[in-house]
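Worksheet for the structure shown next.
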Amino acid sequence: MNASSTAQAPDVVRSAYAQLAVTDLGAARWFWVDMLGFHVQYEDTGSLYLRGTDELTHHSLVLRKGDLAALDHIAYRVRTPDDVDRPRSSSPDSAARYGG
């Protein structure tokens, strides 16, 4: 095995938040807030920042208005700053993907 295939994976502590693009922000608010019980932490004309009842962070879900419903991105909390760069070195084809 070469060094890149045995590199240590990042130490992911937990998921941080997800951001979803929604075509109808009002309907999404009804589902996530009124039906599921998420709390609105911040909102503007194009987005809602939500959190669950027992969460200590500002938000764990962002809903933003978009032309197409989709998962925009997911963020994770890692244990140390060094963990942020580990995915780049933990796969054999990372040099091709990341230009390294």
> Looking at NE2 of H73 and CD of Q19, how far apart are the two atoms once the value is rounded to the nearest 0.5 Å?
Replying inline: 4.5 Å
> What is the minimum heavy-atom distance between G26 and D24, and which atoms define it?
Replying inline: N-OD1, 3.1 Å
> Would you say the side chain of L20 lies within less than 4.5 Å of the side chain of W32, judging by non-hydrogen atoms?
Replying inline: yes
>> Grouping I, L, V, M, F, W and Y whenever their side-chain heavy atoms are under 4.5 Å apart, do L71 and L63 come out in a common cluster?
In response: yes
>> Applying a strict under-4.5 Å side-chain criterion to I, L, V, M, F, W and Y, I'd like to know whether Y17 and I74 cluster together.
In response: no
> Does the K65 side chain pair with the main chain of T23, one donor and one acceptor, at a distance under 3.5 Å?
Replying inline: yes
>> I need the minimum non-hydrogen distance between R51 and S60, along with the two atoms involved.
In response: CA-OG, 3.9 Å
>> Nearest 0.5 Å, please: how far is CD in Q41 from CG in L61?
In response: 11.5 Å
> Do other residues, nucleotides or ligands put more than 12 heavy atoms under 6.0 Å from the CG atom of D34?
Replying inline: yes
>> If you define the side chain from C-beta out and look only at heavy atoms, does anything of V40 sit under 4.5 Å from L48?
In response: yes
>> What I'd like to find out is whether the side chain of V62 reaches to under 4.5 Å of the side chain of L50, using heavy atoms alone.
In response: no
>> Whether D72 and R64 form a salt bridge (side-chain N of Lys/Arg under 4.0 Å from carboxylate O of Asp/Glu) is what I want to check.
In response: yes
>> Heavy-atom count check: over 12 atoms from other residues, nucleotides or ligands less than 6.0 Å from F38 CZ?
In response: yes
>> Please say yes or no: joined through hydrophobic side-chain contacts below 4.5 Å, possibly via intermediate residues, are W30 and Y49 part of one cluster?
In response: no
> If Ile, Leu, Val, Met, Phe, Trp and Tyr residues are connected whenever their side-chain heavy atoms lie under 4.5 Å apart, and connections chain through other members, are L68 and L25 in the same group?
Replying inline: no
